[in-house]
Number of protein chains: 2
Amino acid sequence: MRCPVEATLNVIGGKWKAVLVWHLLEGGVLRFGELRRLLPGITQKMLTQQLRELEAAGVISRTVYAEVPPRVEYAVTAHGRSLRPLLEAMHAWGLQHCLQRDDDIAMPQNFVM
Amino acid sequence: MRCPVEATLNVIGGKWKAVLVWHLLEGGVLRFGELRRLLPGITQKMLTQQLRELEAAGVISRTVYAEVPPRVEYAVTAHGRSLRPLLEAMHAWGLQHCLQRDDDIAMPQNFVM
DNA sequence: CTGTATCCCGGTCGATACTG
DNA sequence: CAGTATCGACCGGGATACAG
(Lines give C-alpha, C1' and ligand atoms only; values in the text may rest on other atoms or scores of the structure.)
Protein backbone atom coordinates (compact mmCIF):
# COMPACT_ATOMS: atom_id res chain seq x y z
CA MET A 1 0.00 0.00 0.00
CA ARG A 2 1.38 3.31 -1.02
CA CYS A 3 -0.98 5.84 0.45
CA PRO A 4 -1.90 6.18 4.14
CA VAL A 5 -5.35 7.36 3.16
CA GLU A 6 -5.88 4.05 1.44
CA ALA A 7 -4.58 2.21 4.47
CA THR A 8 -7.21 3.81 6.65
CA LEU A 9 -9.95 3.00 4.17
CA ASN A 10 -8.86 -0.62 4.19
CA VAL A 11 -9.62 -0.73 7.90
CA ILE A 12 -12.91 1.18 8.13
CA GLY A 13 -13.91 1.41 4.48
CA GLY A 14 -15.95 -1.77 4.47
CA LYS A 15 -19.65 -1.64 3.89
CA TRP A 16 -20.57 -1.61 7.60
CA LYS A 17 -17.27 -1.23 9.42
CA ALA A 18 -17.24 2.48 10.10
CA VAL A 19 -20.80 2.38 11.39
CA LEU A 20 -20.00 -0.61 13.57
CA VAL A 21 -17.02 1.09 15.17
CA TRP A 22 -19.07 4.24 15.55
CA HIS A 23 -21.79 2.38 17.44
CA LEU A 24 -19.23 0.62 19.63
CA LEU A 25 -17.57 3.93 20.43
CA GLU A 26 -20.92 5.38 21.37
CA GLY A 27 -22.45 2.41 23.11
CA GLY A 28 -19.44 0.81 24.78
CA VAL A 29 -19.65 -2.98 25.05
CA LEU A 30 -22.32 -4.46 22.81
CA ARG A 31 -23.52 -7.99 22.14
CA PHE A 32 -23.90 -9.57 18.73
CA GLY A 33 -27.66 -9.23 18.77
CA GLU A 34 -27.52 -5.65 19.91
CA LEU A 35 -25.26 -4.74 17.02
CA ARG A 36 -27.56 -6.54 14.64
CA ARG A 37 -30.49 -4.49 15.90
CA LEU A 38 -28.49 -1.30 15.51
CA LEU A 39 -27.84 -2.02 11.84
CA PRO A 40 -31.19 -2.74 10.23
CA GLY A 41 -30.54 -4.45 6.93
CA ILE A 42 -27.32 -6.22 7.76
CA THR A 43 -27.35 -9.99 7.49
CA GLN A 44 -25.94 -12.31 10.12
CA LYS A 45 -23.23 -13.37 7.73
CA MET A 46 -22.09 -9.84 6.98
CA LEU A 47 -22.18 -8.83 10.63
CA THR A 48 -19.98 -11.77 11.57
CA GLN A 49 -17.63 -11.11 8.69
CA GLN A 50 -17.20 -7.40 9.28
CA LEU A 51 -16.70 -7.95 13.01
CA ARG A 52 -14.05 -10.56 12.31
CA GLU A 53 -12.18 -8.24 9.98
CA LEU A 54 -12.28 -5.40 12.46
CA GLU A 55 -11.01 -7.80 15.09
CA ALA A 56 -8.20 -8.91 12.79
CA ALA A 57 -7.27 -5.26 12.29
CA GLY A 58 -7.02 -4.85 16.04
CA VAL A 59 -9.80 -2.30 16.16
CA ILE A 60 -12.28 -4.25 18.24
CA SER A 61 -12.13 -7.10 20.76
CA ARG A 62 -14.37 -10.14 20.92
CA THR A 63 -15.15 -11.84 24.20
CA VAL A 64 -17.00 -15.16 24.32
CA TYR A 65 -18.72 -16.24 27.53
CA ALA A 66 -19.24 -19.97 28.01
CA GLU A 67 -22.83 -19.65 29.07
CA VAL A 68 -26.23 -20.89 28.06
CA PRO A 69 -27.51 -19.10 26.14
CA PRO A 70 -24.22 -18.00 24.59
CA ARG A 71 -23.08 -14.43 24.97
CA VAL A 72 -20.47 -12.66 22.86
CA GLU A 73 -19.48 -9.10 23.58
CA TYR A 74 -17.69 -6.69 21.31
CA ALA A 75 -15.81 -3.54 22.31
CA VAL A 76 -13.33 -1.16 20.76
CA THR A 77 -9.72 -1.70 21.72
CA ALA A 78 -7.30 1.06 22.68
CA HIS A 79 -6.18 0.98 19.07
CA GLY A 80 -9.75 1.31 17.89
CA ARG A 81 -10.36 4.20 20.23
CA SER A 82 -7.78 6.21 18.29
CA LEU A 83 -10.31 6.19 15.45
CA ARG A 84 -12.75 8.33 17.40
CA PRO A 85 -11.60 11.74 16.07
CA LEU A 86 -11.72 10.35 12.55
CA LEU A 87 -15.22 8.93 12.92
CA GLU A 88 -16.39 12.11 14.58
CA ALA A 89 -15.09 14.05 11.61
CA MET A 90 -16.94 11.69 9.29
CA HIS A 91 -20.09 12.02 11.35
CA ALA A 92 -19.90 15.80 11.36
CA TRP A 93 -19.20 16.03 7.66
CA GLY A 94 -21.97 13.58 6.87
CA LEU A 95 -24.46 15.62 8.86
CA GLN A 96 -23.59 18.80 7.03
CA HIS A 97 -23.38 17.10 3.67
CA CYS A 98 -26.71 15.29 4.07
CA LEU A 99 -28.61 18.41 4.98
CA GLN A 100 -27.34 20.24 1.92
CA ARG A 101 -27.15 17.67 -0.83
CA ASP A 102 -29.16 14.72 0.36
CA ASP A 103 -31.02 14.15 -2.87
CA ASP A 104 -27.93 14.39 -5.03
CA ILE A 105 -26.08 11.54 -3.46
CA ALA A 106 -26.37 8.09 -4.92
CA MET A 107 -27.56 5.74 -2.21
CA PRO A 108 -26.37 2.16 -1.95
CA GLN A 109 -28.76 -0.43 -3.28
CA ASN A 110 -29.42 -1.88 0.16
CA PHE A 111 -30.02 1.49 1.75
CA VAL A 112 -32.34 1.14 4.72
CA MET A 113 -33.97 4.00 6.49
CA MET B 1 -29.69 8.90 5.57
CA ARG B 2 -29.93 6.99 8.76
CA CYS B 3 -26.29 7.46 9.70
CA PRO B 4 -24.11 10.43 8.75
CA VAL B 5 -21.02 8.24 8.94
CA GLU B 6 -22.45 6.12 6.16
CA ALA B 7 -23.25 9.23 4.16
CA THR B 8 -19.63 10.31 4.26
CA LEU B 9 -18.45 6.86 3.21
CA ASN B 10 -20.82 7.01 0.27
CA VAL B 11 -18.96 10.07 -0.96
CA ILE B 12 -15.32 9.18 -0.34
CA GLY B 13 -15.56 5.45 0.38
CA GLY B 14 -15.02 4.32 -3.19
CA LYS B 15 -11.90 2.44 -4.11
CA TRP B 16 -10.01 5.51 -5.34
CA LYS B 17 -12.14 8.47 -4.32
CA ALA B 18 -10.43 9.46 -1.10
CA VAL B 19 -7.01 9.28 -2.71
CA LEU B 20 -8.25 11.29 -5.68
CA VAL B 21 -9.59 14.07 -3.49
CA TRP B 22 -6.42 13.93 -1.44
CA HIS B 23 -4.28 14.48 -4.53
CA LEU B 24 -6.50 17.28 -5.76
CA LEU B 25 -6.33 18.98 -2.37
CA GLU B 26 -2.56 18.72 -2.48
CA GLY B 27 -1.95 19.44 -6.13
CA GLY B 28 -4.66 21.94 -6.94
CA VAL B 29 -5.96 21.77 -10.49
CA LEU B 30 -4.98 18.55 -12.25
CA ARG B 31 -5.62 17.13 -15.69
CA PHE B 32 -7.00 13.68 -16.39
CA GLY B 33 -3.61 12.33 -17.42
CA GLU B 34 -1.92 13.81 -14.39
CA LEU B 35 -4.35 12.08 -12.08
CA ARG B 36 -3.82 8.83 -13.93
CA ARG B 37 -0.09 9.10 -13.37
CA LEU B 38 -0.63 9.85 -9.68
CA LEU B 39 -2.63 6.64 -9.22
CA PRO B 40 -0.56 3.81 -10.64
CA GLY B 41 -2.80 0.85 -11.13
CA ILE B 42 -6.05 2.67 -11.82
CA THR B 43 -7.65 1.99 -15.17
CA GLN B 44 -9.00 4.66 -17.45
CA LYS B 45 -12.49 3.37 -16.90
CA MET B 46 -12.26 3.52 -13.13
CA LEU B 47 -10.66 6.95 -13.14
CA THR B 48 -13.45 8.34 -15.27
CA GLN B 49 -16.10 6.63 -13.16
CA GLN B 50 -14.76 7.75 -9.80
CA LEU B 51 -14.27 11.31 -11.04
CA ARG B 52 -17.84 11.42 -12.32
CA GLU B 53 -19.22 10.23 -9.01
CA LEU B 54 -17.17 12.77 -7.09
CA GLU B 55 -18.42 15.42 -9.46
CA ALA B 56 -22.02 14.29 -8.93
CA ALA B 57 -21.48 14.58 -5.18
CA GLY B 58 -20.33 18.14 -5.66
CA VAL B 59 -16.87 17.44 -4.33
CA ILE B 60 -14.91 18.22 -7.46
CA SER B 61 -15.42 20.29 -10.59
CA ARG B 62 -14.74 19.25 -14.16
CA THR B 63 -13.75 21.78 -16.80
CA VAL B 64 -13.53 20.82 -20.45
CA TYR B 65 -11.54 23.00 -22.84
CA ALA B 66 -12.53 22.84 -26.50
CA GLU B 67 -9.01 22.41 -27.77
CA VAL B 68 -7.01 20.02 -29.84
CA PRO B 69 -5.77 17.96 -28.18
CA PRO B 70 -8.56 18.00 -25.61
CA ARG B 71 -7.87 19.17 -22.09
CA VAL B 72 -9.97 18.43 -19.04
CA GLU B 73 -9.12 19.84 -15.65
CA TYR B 74 -10.32 18.69 -12.28
CA ALA B 75 -10.32 20.66 -9.03
CA VAL B 76 -11.93 20.42 -5.62
CA THR B 77 -14.94 22.65 -5.12
CA ALA B 78 -15.51 24.76 -2.03
CA HIS B 79 -17.66 21.94 -0.79
CA GLY B 80 -14.90 19.42 -1.45
CA ARG B 81 -12.42 21.59 0.39
CA SER B 82 -14.40 20.98 3.56
CA LEU B 83 -13.17 17.39 3.35
CA ARG B 84 -9.59 18.43 3.99
CA PRO B 85 -9.63 17.97 7.79
CA LEU B 86 -11.22 14.57 7.34
CA LEU B 87 -8.71 13.40 4.78
CA GLU B 88 -5.87 14.75 6.87
CA ALA B 89 -7.19 12.74 9.80
CA MET B 90 -7.32 9.65 7.60
CA HIS B 91 -3.83 10.30 6.34
CA ALA B 92 -2.48 10.76 9.85
CA TRP B 93 -4.19 7.68 11.21
CA GLY B 94 -3.00 5.56 8.31
CA LEU B 95 0.55 6.72 8.86
CA GLN B 96 0.52 6.08 12.56
CA HIS B 97 -1.26 2.77 12.68
CA CYS B 98 -0.89 0.94 9.43
CA LEU B 99 2.02 2.08 7.36
CA GLN B 100 5.11 1.28 9.38
CA ARG B 101 6.23 -1.40 6.94
CA ASP B 102 6.06 0.75 3.83
CA ASP B 103 9.44 1.18 2.15
CA ASP B 104 10.48 3.26 -0.82
CA ILE B 105 10.21 0.52 -3.40
CA ALA B 106 8.25 2.03 -6.27
CA MET B 107 6.23 0.30 -8.92
CA PRO B 108 8.31 -1.36 -11.66
CA GLN B 109 9.21 1.23 -14.23
CA ASN B 110 8.00 -0.96 -17.08
CA PHE B 111 4.53 -0.71 -15.61
CA VAL B 112 2.58 1.28 -18.19
CA MET B 113 -1.11 1.95 -18.37
C1' DC C 1 -5.59 13.48 -24.83
C1' DT C 2 -9.75 12.11 -22.79
C1' DG C 3 -12.74 9.63 -22.91
C1' DT C 4 -17.02 5.32 -24.41
C1' DA C 5 -18.34 0.68 -25.24
C1' DT C 6 -18.02 -4.26 -24.44
C1' DC C 7 -16.86 -8.48 -22.51
C1' DC C 8 -16.09 -11.15 -18.66
C1' DC C 9 -14.05 -12.90 -14.40
C1' DG C 10 -13.91 -13.02 -9.38
C1' DG C 11 -15.31 -11.41 -5.21
C1' DT C 12 -19.26 -9.54 -2.54
C1' DC C 13 -23.39 -10.09 -0.60
C1' DG C 14 -28.13 -12.00 0.38
C1' DA C 15 -31.01 -16.06 1.29
C1' DT C 16 -31.51 -20.17 3.40
C1' DA C 17 -30.57 -24.09 6.19
C1' DC C 18 -28.21 -26.04 9.90
C1' DT C 19 -25.39 -26.25 14.72
C1' DG C 20 -23.41 -25.92 19.58
C1' DC D 1 -28.06 -16.61 21.15
C1' DA D 2 -24.47 -16.55 18.10
C1' DG D 3 -22.83 -18.27 14.92
C1' DT D 4 -21.26 -21.79 10.25
C1' DA D 5 -22.12 -23.71 5.58
C1' DT D 6 -23.54 -23.44 1.12
C1' DC D 7 -25.41 -21.75 -3.13
C1' DG D 8 -26.28 -18.34 -6.45
C1' DA D 9 -27.18 -13.60 -8.14
C1' DC D 10 -25.17 -9.43 -8.70
C1' DC D 11 -21.85 -6.03 -9.69
C1' DG D 12 -17.30 -3.93 -9.18
C1' DG D 13 -13.59 -3.60 -11.76
C1' DG D 14 -9.82 -5.23 -15.30
C1' DA D 15 -8.74 -5.82 -20.31
C1' DT D 16 -9.43 -4.39 -24.65
C1' DA D 17 -11.10 -1.94 -28.58
C1' DC D 18 -12.77 2.10 -30.46
C1' DA D 19 -14.12 7.33 -30.85
C1' DG D 20 -14.07 12.52 -30.87
What integer distance in Å separates [X]:[atom1] from [N]:[atom2]?
| X | N | atom1 | atom2 | value |
| --- | --- | --- | --- | --- |
| B:Leu30 | C:dC1 | CG | C1' | 15 Å |
| A:Gln44 | D:dA5 | CD | C1' | 12 Å |
| B:Leu47 | C:dG3 | CG | P | 8 Å |
| B:Ile42 | D:dG14 | CD1 | P | 8 Å |
| A:Arg36 | D:dC1 | CZ | P | 8 Å |
| B:Leu39 | C:dT2 | CG | C1' | 16 Å |
| B:Trp16 | D:dG14 | CH2 | C1' | 11 Å |

Check: A:Leu25 main-chain N/O paired with A:Arg84 side-chain donor or acceptor under 3.5 Å: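 Yes, A:Arg84 side chain to A:Leu25 backbone: donor-acceptor pair under 3.5 Å.
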So, does B:Thr8 use its side chain to make a donor-acceptor pair with the main chain of B:Pro4 at under 3.5 Å?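 Side chain of B:Thr8 to backbone of B:Pro4, a donor-acceptor pair under 3.5 Å: yes, one is there.
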Drop me the distance from [X]'s [atom1] to [Y]'s [atom2], to the nearest 0.5 angstrom.
| X | Y | atom1 | atom2 | value |
| --- | --- | --- | --- | --- |
| A:Asn10 | B:Lys15 | CG | NZ | 10.0 Å |
| A:Glu53 | A:Leu20 | CD | CG | 11.0 Å |
| A:His23 | A:Glu26 | NE2 | CD | 8.5 Å |

Minimum heavy-atom separation for A:Thr77 to A:Gly58, with atom names?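 Smallest heavy-atom distance, with atoms named: OG1-O, 2.6 Å.
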Candidate pair A:Leu87 and A:Met90, rule side chain to side chain contact (heavy atoms under 4.5 Å, CB included), full reasoning: CA-CA 5 Å; A:Leu87 287 172; A:Met90 292 178 62; 4.0 Å; yes
To the nearest 10°, let me know how far the axis at one end of the helix from C:dC1-D:dG20 to C:dG20-D:dC1 is tilted from the axis at the other, five pairs an end.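 Its terminal axes enclose an angle near 50°.
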The side chain of A:Thr43 is closest to which nucleotide in this list: D:dG14, C:dG3, C:dG14? C:dG14
Given the options B:Leu54, B:Val21, B:Leu30, B:Val76 meets side chain to side chain contact (heavy atoms under 4.5 Å, CB included) only with B:Val21
Intermediate values then yes/no, side chain to side chain contact (heavy atoms under 4.5 Å, CB included), A:Ile12 and A:Val59: CA-CA 9 Å; A:Ile12 51 131; A:Val59 171; 5.6 Å; no
Residue-level proximity of residues 48-70 of chain A to DNA chain D when a heavy atom falls under 4.0 Å: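 Within this stretch, A:Thr48, A:Arg52, A:Arg62, A:Pro69, A:Pro70 sit under 4.0 Å of the strand.
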Looking only at side-chain N and O atoms, does B:Lys15 come under 4.0 Å of OP1 or OP2 in D:dG14? yes
Can you find a side chain N or O atom of B:Arg31 that sits less than 4.0 Å from OP1 or OP2 on C:dT2? yes
Toward the 5' end of DNA chain D, which comes first, A:Tyr74 or A:Lys45, by nearest nucleotide? A:Tyr74
